[in-house]
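Below: the structure, in structure tokens.
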Amino acid sequence: MTKKQKTKKIIKIMNDKFGNPECALNFTTPFELLVAVILSAQCTDKRVNIVTEEMYKHVNTPEAFAAMPVEEIERHIKSTGFYRNKAKNIKAASMEIVEKYNGEVPQGMDELTALAGVGRKTANVVRGEVWRLASGITVDTHVKRLTNLIGLVKGDNPIIIERELMEIVPQDHWIDFSHYLILQGRDVCVARRPRCTECELNELCNYGRKIMRNLSKK
DNA sequence: CTCCCGATAT
DNA sequence: ATATCAGGAG
């Protein structure tokens, strides 16, 4: 079976399981989502939602963050980790959005990734969720781990993984595909100890097949 | 490549 | 105790 055929089966199985997946990060505006995704680096989305729910009661616009002392931003976001870098980036990105884009989050990949603390992963999430724009595929820790285990890609470099996936995944599923693997990665194929016996993808996964073979040998 | 970093599950 | 969590910058 080719990687493309395997991928189509994975998408179907995941669609049957998860339906149309929704963003796990809570937000009410494009800017709120942008900040939430910046905060989500090396942090659970659950923790991000706890922080943003409280913080957005006080500040939720680029104008407000641009005017706020970094120390105050740090206090709000401390529990998400990397809080000094994240606070500095959120303030700098907010100032740039106010000054260069009239307070509106830009839609272009180049404009987004030029913002402080915004890389391809963050830009892909915001573009996909807010405007359904898919010029790339979101590659986070889950997508990286599962695509390697399944055998769709090889290696650690998210830029290369994204390029290889764009050759394999049909373009009309670029947004869903990442969502599905992230949900499966949180829920079943967890990093510490993937639960292959209860995974719907184990027959399509190189790692899963190996685990299941070893189990059946007793 | 290293550094940033708190919370949580195991 | 330690690995991991919707990464990005220098």
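Every chain is numbered from 1 and lettered A, B, ... according to where its sequence line falls, protein lines coming before strand lines.
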Q.
Checking side-chain polar atoms at under 3.5 Å, does A/Lys3 have a donor or acceptor matched by the opposite partner on A/Thr147?
A. no
Q: Mind calculating the distance between CG (A/Leu34) and P (C/dA6) to the nearest angstrom?
A: 18 Å
Q. In whole Å, what is the span from the CD1 atom of A/Ile38 to the C1' atom of C/dA6?
A. 13 Å
Q: With heavy atoms under 4.0 Å as the rule, sort A/Ala24 into base, sugar-phosphate or nothing.
A: base
Q: May I ask you to verify whether the side chain of A/Arg192 and the base of C/dT2 hold a donor-acceptor pair under 3.5 Å?
A: yes
Q.
Tell me if a side-chain donor or acceptor on A/Asp45 pairs with a main-chain N or O of A/Leu25 at a distance below 3.5 Å.
A. no
Q) Rounding to the closest angstrom, what is the interatomic distance between C/dA3 and B/dT2 at atom P? A) 16 Å
Q: Could you check whether A/Arg193 gets within reach of a base, just the sugar-phosphate, or nothing at all, counting any heavy atom under 4.0 Å?
A: nothing
Q) When rounded to the nearest Å, what value does the distance between P atoms of B/dC5 and C/dG10 take? A) 14 Å
Q: Assign A/Val125 to base, sugar-phosphate, or nothing according to its heavy-atom contacts below 4.0 angstrom with the strands shown.
A: base
Q | Side chain A/Lys86, main chain A/Gly81, donor-acceptor under 3.5 Å | A | yes
Q) Taking NE2 from A/His142 and P from C/dC5, how many angstroms apart are they, rounded to a whole number? A) 5 Å
(Q) Does C/dC5 have its OP1 or OP2 closer than 4.0 Å to a side-chain nitrogen or oxygen of A/Thr141? (A) yes
**Q.** Separation of atom NZ in A/Lys144 from atom C1' in C/dG7, rounded to whole Å
**A.** 9 Å
(Q) Assess the residue pair A/Ser40 and A/Lys121 against the criterion (side chain to side chain donor-acceptor pair (under 3.5 Å)); give the C-alpha distance rounded to whole Å, side-chain angles, the decisive distance to 0.1 Å, and a yes or no. (A) CA-CA 11 Å; A/Ser40 73; A/Lys121 179 257 173 179; 3.3 Å; yes
Q) Would you call the rings of A/Tyr180 and A/Phe18 parallel, tilted or perpendicular if under 30° counts as parallel and over 60° as perpendicular? A) parallel
Q. What integer distance in Å separates A/Leu146:CG from C/dA6:P?
A. 12 Å
Q | Between P of C/dA9 and NZ of A/Lys121, the distance in whole Å | A | 12 Å
Q. With sugar-phosphate meaning primed atoms plus P, OP1 and OP2, does A/Val118 contact a base, only sugar-phosphate, or nothing at under 4.0 Å between heavy atoms?
A. sugar-phosphate
Q.
Can you see whether A/Asn206 engages A/Arg209 through a side-chain donor-acceptor pair at a distance of less than 3.5 angstrom?
A. yes
Q) Can you check the A/Lys88 NZ to C/dG7 C1' distance for me, whole Å? A) 15 Å
Q) If only side-chain N and O atoms of A/Ser178 are considered, is one of them under 4.0 Å from the OP1 or OP2 phosphate oxygen of C/dA6? A) no
Q: Could you tell me from which nucleotide to which nucleotide of DNA chain B, 5' to 3', there is an atom under 4.0 Å from chain A heavy atoms?
A: B/dC4 to B/dT10
(Q) Give me the distance, rounded to whole Å, that separates B/dC3 from C/dA6 when you measure between the P atoms they each carry. (A) 24 Å
Q) Checking A/Asn26 side chain against A/Ala36 main chain: does a donor-acceptor pair fall under 3.5 Å? A) no
(Q) Output the rounded distance in Å from CG (A/Leu39) to P (C/dG8). (A) 12 Å
(Q) For A/Lys46 and A/Phe82, find the nucleotide of DNA chain B closest to each by heavy atoms; which residue's nucleotide sits nearer the 5' end? (A) A/Phe82
(Q) Closest-nucleotide mapping onto DNA chain C: is A/His179 or A/Leu115 further toward the 5' terminus? I mean the 5' end. (A) A/His179
Q: Check for a donor-acceptor pair, side chain of A/Lys91 on one end and backbone N or O of A/Met68 on the other, with a separation under 3.5 Å.
A: yes
